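Working notes for the structure below.
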Protein chains: 2
Amino acid sequence: MDSVYLRKGYVHMASMKDVAKLAGVSVSTVSRVISNSIPVDEKTREKVERAIEAVNFKPNLLAQGLRSKSGNIIGLIVPEILHESFIYFIKYIERYVSEIGFNLIIGNTSNKPKLESEIIDNMIRRNVDGIIFSRVSDKSKVMRIIEKTDIPVVIIDRALGQEDIPTVVLDNYDAGRLCAEHLVALGHEKFACITGPRDIFLSRDRLRGFVDVLKKNGLGLPESNIFEGDFKFETGKKGMQYFLETGAEFTAIWGQNDLMAIGAMNELVRRGRRIPDDISVVGMDNINAAEMLVPSLTTITQPFEEMARISVDMILKERNGETIPEKRVVLSPGILIRETTSRARIAT
Amino acid sequence: MDSVYLRKGYVHMASMKDVAKLAGVSVSTVSRVISNSIPVDEKTREKVERAIEAVNFKPNLLAQGLRSKSGNIIGLIVPEILHESFIYFIKYIERYVSEIGFNLIIGNTSNKPKLESEIIDNMIRRNVDGIIFSRVSDKSKVMRIIEKTDIPVVIIDRALGQEDIPTVVLDNYDAGRLCAEHLVALGHEKFACITGPRDIFLSRDRLRGFVDVLKKNGLGLPESNIFEGDFKFETGKKGMQYFLETGAEFTAIWGQNDLMAIGAMNELVRRGRRIPDDISVVGMDNINAAEMLVPSLTTITQPFEEMARISVDMILKERNGETIPEKRVVLSPGILIRETTSRARIAT
DNA sequence: TTGTAAGCGTTATCAT
DNA sequence: ATGATAACGCTTACAA
């Protein structure tokens, strides 16, 4: 008799009705005890609380959500769960959201606009209290939500130009600046860079910051020392292959994320170049692998946890009708100096 | 006028009532059109469908869930989101679940029993259709759900002895076997192993499989060549330090997951040992980093996607009252041979 | 085939 | 301070 595998009869999860009956009061009184908003006589409160204990009552969240139009749930939409930096958002947002008594529901768009619509609809149909986008493929979708419903929306990680949507982003210009300053301080004079897609703000901002610092120091980055990647390991390798085959001259390279930087390192090592003795390498994101390599990767860091907290806070503020002082929060990157960067070889 | 930041008036999301009114029918008819369960006149159906289009109606999932006691949502409980192998479960389970029209809600226990209880309760309160556990810290919690509610439960990745709970696991014995066979075939004769916690079935099973093959080949694994780790990078390093300092003799080592194997590699490289010329290394899981290293890591693979699909399918079957043919599904690992393993040096 | 009405488990508005 | 009662948006007997 495999009773485990047979659908057991529905086991009544205690409802307010049960509590009310046991405590000898009405359901409204029970509700009041729980919400703690309206004064209740001490004695009845105690009776009710005992009853709640006795039947192990927990309010049904669907009923609450239906009635109050707030599902106590926040939606997070990412284009790709396994992506090295999104998992940090997932982790920290989940943690923070649950700390404040919400649940997190995750949608993975796989970068398909059609899926994106579906996911958004689904979330709306769950009366989500807000939606956090990590990278938006189609701006209009976000605008539609904002215009047609009252659901708070926050965009994290990738800005959309100067729209009027609450946004939490990294100061990507500063990321490039930090990187260049570190390398220049080490005496490097010739550089290369593997960027993200050039049509993305974030990649361009990073590059601008990088180049500006070089210029300020009388140095520069020739276009032939720039390779456009897609933030994946493979294009990091490809970029380095390209540089090495075209004979580009440089003693330091920046991969605009760790994956590409590691790809570049991989190619260097396979061709017998020494890091950092021949070439210094900097990445960005500080993914797990960065410190597992030999040599360990110097990298630009993002305050993922802070970004997560701020974006959730913004959702809650919007939801409570509070005005958000700054609709565009810009956070600063840091730099973690490890073993892939060292002083440039003395020029001869 | 920052209208975006002011809570806008509630924008009525079309309900069945609206559709019914527009189509000139009752709500029940609308419901029937949607559920497609009960015959509806072709003409009214068309009227209703037009109305649905017109107001862009999507049934509210909370109301549906409340009424039907099925929230159309599946809960996944993991002890740690950022963990290298759980993210694969998250990814694949999310994908599959959403393919079949469900949402996924994720709970992160951080290995805290108290949180575990809370998360389970929360899920129950959302009328989840099932709960998938990836590693359970406290068996009794699972048993409680199974006994006290009718919520389908599946355990994935880590078995709990021989309980009567539907489970999807890897054949860990086979994982050890595969690894040993590969190394023995390469001519290795002395081995070392960095295991997971020895009090976990999975670690012991892997080790048994490994050792059994060695024995079958007239070889062995002395206790002094076994180091107990915790599946993290650091203990991989520590393990190798230990072996090197105690002068353990071996030409091949297995780290029971990639993180530990990579930790061991790290230590080897830092001490000037060559991989695989001096020491061959095998890992397990095939995490991203495995192929990014030089040399790239030979590793035992797990069918994460298949495990995900099967566990979701089991949930659905339980939910539909179907009997599950085998309550314990055991899947086979594979081996991905890359660059960290090579023929043993000829013994002199 | 279709409509009416009760009910899912809450909260909020009335009275009392 | 407390209790009826309606309502949230849907499904499902039961009638018609």
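Hydrogens, waters and symmetry mates play no part in the numbers below; they use all other heavy atoms, side chains included. It should be emphasised that the depicted structure is a prediction, and the values quoted were computed from it without experimental measurement. Numbers restart at 1 for each chain; the letters A, B, ... are given by sequence-line order, proteins then strands.
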Can you sort out the partners of A/R67 under side chain to side chain donor-acceptor pair (under 3.5 Å), two or more places apart, ordered by chain and number? none

Just to be sure I understand the geometry, which residues of residues 39-58 of chain B put a non-hydrogen atom under 4.0 Å away from DNA chain C? B/P39, B/V40, B/D41, B/T44

Can you tell me whether the side chain of A/R67 and the base of C/dT11 have a donor-acceptor pair closer than 3.5 Å? yes

With sequence neighbours left out, which residue pairs that include part of residues 70-81 of chain A fulfil the salt bridge (Lys or Arg N to Asp or Glu O under 4.0 Å) condition? A/E80-B/K91

Excluding sequence neighbours, so at least two apart, what forms side chain to side chain contact (heavy atoms under 4.5 Å, CB included) with B/L115? B/S110, B/K112, B/E118

What's touching nucleotides 13-16 of chain D from the protein side, N or O pairs under 3.5 Å?
| residue | atom | partner | partner atom | Å |
| --- | --- | --- | --- | --- |
| D/dA13 | N6 | B/R32 | NH2 | 3.2 |

Salt bridge (Lys or Arg N to Asp or Glu O under 4.0 Å) pairs touching residues 20-37 of chain A, sequence neighbours excluded, are none

So, A/N72 side chain and A/F102 main chain: donor-acceptor pair closer than 3.5 Å or not? no

Considering residues at least two apart in sequence or located in another chain, which fulfil the salt bridge (charged side-chain N to carboxylate O under 4.0 Å, His left out) criterion with A/R95? A/E305

List the residues meeting side chain to side chain donor-acceptor pair (under 3.5 Å) with A/N103, not counting sequence neighbours, and say none if there are none. B/N122, B/R126

So what is the end-to-end bend of the helix from C/dT1-D/dA16 to C/dT16-D/dA1, with 5 pairs used at each end and the value given to 10 degrees? 50°

Donor-acceptor pairs under 3.5 angstrom involving side-chain atoms of residues 46-58 of chain B: please list them, not counting sequence neighbours.
| residue | atom | partner | partner atom | Å |
| --- | --- | --- | --- | --- |
| B/K58 | NZ | A/D121 | OD2 | 2.7 |

Integer-rounded Å distance: C/dT11 C1' and A/N60 CG: 13 Å

Run the salt bridge (charged side-chain N to carboxylate O under 4.0 Å, His left out) test against B/E99 and tell me which residues pass, sequence neighbours left out. B/R309

Quickly work out the B/Q64 CD to C/dG9 P distance and round it to whole Å. 16 Å

Report the residues that fulfil side chain to side chain donor-acceptor pair (under 3.5 Å) with A/S68, sequence neighbours left out, ordered by chain and then residue number. none

How close or far is atom P of C/dG9 from atom CE of A/M16, stated in whole angstroms? 12 Å

Regarding B/T29, tell me which of base, sugar-phosphate or nothing describes its non-hydrogen contacts under 4.0 Å with the strands shown. sugar-phosphate

